Amino acid sequence: AAAAPAASASRLQFHTQLAHGSPTGRVEGFDSARELYAKIAEAFRIDPAEIMFCTLNTHKADMDKLLGAQIGLEDFIFAHIKGQRKEVEILKTDDVLGLTITDNGTGCAFIKRIKEGSLMDQTKMICVGDHIETINGKNVSDCRHYEVAKMLKDLEKGQMFKLELIEPMKAFEKLEPRSKGGTLPEAKISRGRETLRLRTKGPATVEEMPTEVEEKAIKKVDELLETYMGIRDIELAATMVEAGRDKKNPDEFAVALDETLGDFAFPDEFVFDVWGAIGDAKQGRL
């Protein structure tokens with residue numbers, strides 16, 4: 001997809017609210033999730049570290065509407081901030097806890113999904129959207145999702161373990177009915193299906209929405225991340241699909257992944273499956 005110059009991307013304005021209720025603010029001039037969180041924090045005079053995650057076009061903690069690497073130019077951003085702390089002790093009776101972890105890209109890993117019937121599903125205090133702050137007293141606030149997922153997986157079966165969690169702040173009933181998310185003026189959004197693509201490194205760019213083929217590949221790679229690593233991360237999946245866009249074979253793809261995402265140390269069979277998923281999407285098999 002052709003990328004627009006960074007200058008036009010940095011001038012885009014987005015409307016934002018705190019998910020539990022607030023006036024509407026405006027944010028602009030950000031290139032990454034970290035910069036966006038700083039801008040939202042500035043608009044509402046809060047500490048950026050208070051923001052757990054953002055959803056697009058809904059104030060609910062809807063994990064299908066999480067802000068990832070792409071923001072539609074009409075999207076309304078809702079920021080979910082830290083609420084009540086809670087502590088839970090659990091006996092690990094199963095190898096698999098049933099949690100899928102994601103993070104906001106700025107050091108806040110949280111629960112994206114709880115598998116039905118799993119050990120964690122039976123622990124009613126633990127909810128989707130909860131930030132995992134400590135595991136057995138070890139602070140994991142600044143750990144990436146894959147590190148937190150590995151620590152949970154490595155907990156010994158048959159032993160008790162303790163989690164300290166923070167749930168997103170809930171809206172008070174008296175704040176309802178909530179105002180509907182507004183849209184930007186027409187002049188700003190007459191750009192077809194374009195999105196602002198946030199990047200961890202380098203400036204944000206305005207791009208066409210991912211093609212249907214890429215969307216399918218990204219969705220499949222996100223599922224593979226869950227299978228192999230216990231995480232979900234649409235931005236990471238999109239970056240991997242981008243890395244494979246012009247590669248001719250799995251070896252070239254593995255080298256490209258190493259260059260852009262070496263920190264993750266992906267297992268070879270995972271890389272091979274991701275390459276297969278990208279190929280399946282291109283061939284219309286997904």
Side-chain angles (χ1 to χ4, degrees), residues 18-21 33 37 46-56 58-68 78-173 222-237:
L18 298 179
H20 64 279
Y37 284 35
I46 58 173
D47 180 347
E50 286 301 299
I51 301 173
M52 295 172 67
F53 54 85
C54 293
T55 48
L56 298 176
T58 177
H59 66 276
K60 295 181 175 145
D62 182 342
M63 295 293 125
D64 293 327
K65 301 283 173 63
L66 282 177
L67 172 107
F78 289 91
H80 298 252
I81 66 170
K82 290 176 180 173
Q84 206 171 329
R85 275 187 161 73
K86 53 194 181 184
E87 213 172 272
V88 60
E89 287 201 30
I90 304 154
L91 175 64
K92 188 173 182 184
T93 53
D94 198 338
D95 288 325
V96 180
L97 293 176
L99 290 184
T100 299
I101 311 296
T102 191
D103 66 29
N104 66 8
T106 70
C108 178
F110 58 94
I111 298 167
K112 183 165 186 184
R113 204 156 65 183
I114 300 173
K115 191 177 179 188
E116 205 175 327
S118 66
L119 177 61
M120 288 308 203
D121 190 31
Q122 292 154 33
T123 313
K124 294 306 171 197
M125 264 182 81
I126 294 176
C127 305
V128 163
D130 287 353
H131 163 49
I132 299 174
E133 190 176 38
T134 73
I135 301 172
N136 283 337
K138 179 180 164 56
N139 191 309
V140 295
S141 283
D142 287 328
C143 294
R144 290 298 314 269
H145 46 24
Y146 63 96
E147 296 171 307
V148 174
K150 186 173 185 320
M151 283 182 226
L152 291 169
K153 191 179 173 188
D154 291 348
L155 290 168
E156 205 176 323
K157 190 174 168 181
Q159 297 291 317
M160 294 292 291
F161 68 94
K162 187 168 88 171
L163 297 179
E164 287 177 63
L165 306 145
I166 303 176
E167 60 185 42
M169 192 174 282
K170 306 279 194 290
F172 296 113
E173 291 306 310
D222 197 32
E223 287 167 8
L224 288 169
L225 281 168
E226 181 170 36
T227 305
Y228 277 92
M229 301 175 74
I231 62 174
R232 284 266 178 164
D233 187 333
I234 280 287
E235 180 182 1
L236 179 59

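Just the heavy atoms: all of them, side chains too, but no hydrogens, waters or symmetry mates, feed the values below. For clarity, every value in this text was computed on a predicted model and none was experimentally measured.
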Can you give me the closest heavy-atom contact between [X] and [Y], atom names plus distance?
X: Ile51; Y: Ala79; result: CG2-CB, 4.2 Å
X: Ala109; Y: Cys143; result: CB-O, 4.2 Å
X: Thr93; Y: Leu119; result: OG1-CD1, 3.5 Å
X: Asp64; Y: Asp62; result: N-OD1, 2.9 Å

Is there side-chain contact between [X] and [Y], with at least one heavy-atom pair below 4.5 Å?
X: Lys86; Y: Asp130; answer: yes
X: Leu163; Y: Glu87; answer: no
X: Leu66; Y: Ile234; answer: no
X: Leu99; Y: Ile101; answer: yes
X: His145; Y: Asp233; answer: yes
X: Lys82; Y: His131; answer: yes
X: Met120; Y: Ile90; answer: yes
X: Leu236; Y: Ile231; answer: yes

What's the separation between atom [atom1] in [X] and atom [atom2] in [Y], rounded to the nearest 0.5 Å?
X: Asn136; Y: Lys162; atom1: CG; atom2: NZ; result: 8.0 Å
X: Asp95; Y: Glu156; atom1: CG; atom2: CD; result: 11.0 Å
X: Leu67; Y: Tyr37; atom1: CG; atom2: OH; result: 5.5 Å
X: Thr102; Y: Lys112; atom1: OG1; atom2: NZ; result: 5.5 Å
X: Lys153; Y: Met229; atom1: NZ; atom2: CE; result: 9.5 Å
X: Glu167; Y: Ile126; atom1: CD; atom2: CD1; result: 12.0 Å

Go through it in stages, so that I can follow the logic: the residues are Arg85 and Glu164, the test is salt bridge (Lys or Arg N to Asp or Glu O under 4.0 Å), and I'd like the CA-CA distance, side-chain angles, deciding distance and then a yes or no. CA-CA 7 Å; Arg85 275 187 161 73; Glu164 287 177 63; 5.7 Å; no
Is atom CD of Gln122 surrounded by more than 12 heavy atoms (other residues, nucleotides or ligands) closer than 6.0 Å? yes
Do other residues, nucleotides or ligands put more than 12 heavy atoms under 6.0 Å from the NZ atom of Lys92?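 Yes, the 6.0 Å shell around NZ holds more than 12 heavy atoms from other groups.
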Run the numbers on Ile46 and Leu18 for side chain to side chain contact (heavy atoms under 4.5 Å, CB included), then give the verdict. CA-CA 11 Å; Ile46 58 173; Leu18 298 179; 4.2 Å; yes
Proximity of His80 and Phe53 rings by center, below 6.0 Å: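 Ring centroids of His80 and Phe53 are less than 6.0 Å from each other.
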Parallel, tilted or perpendicular: which one describes the rings of Phe78 and His59, with boundaries at 30° and 60°?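 The arrangement is perpendicular - the two ring planes meet at more than 60°.
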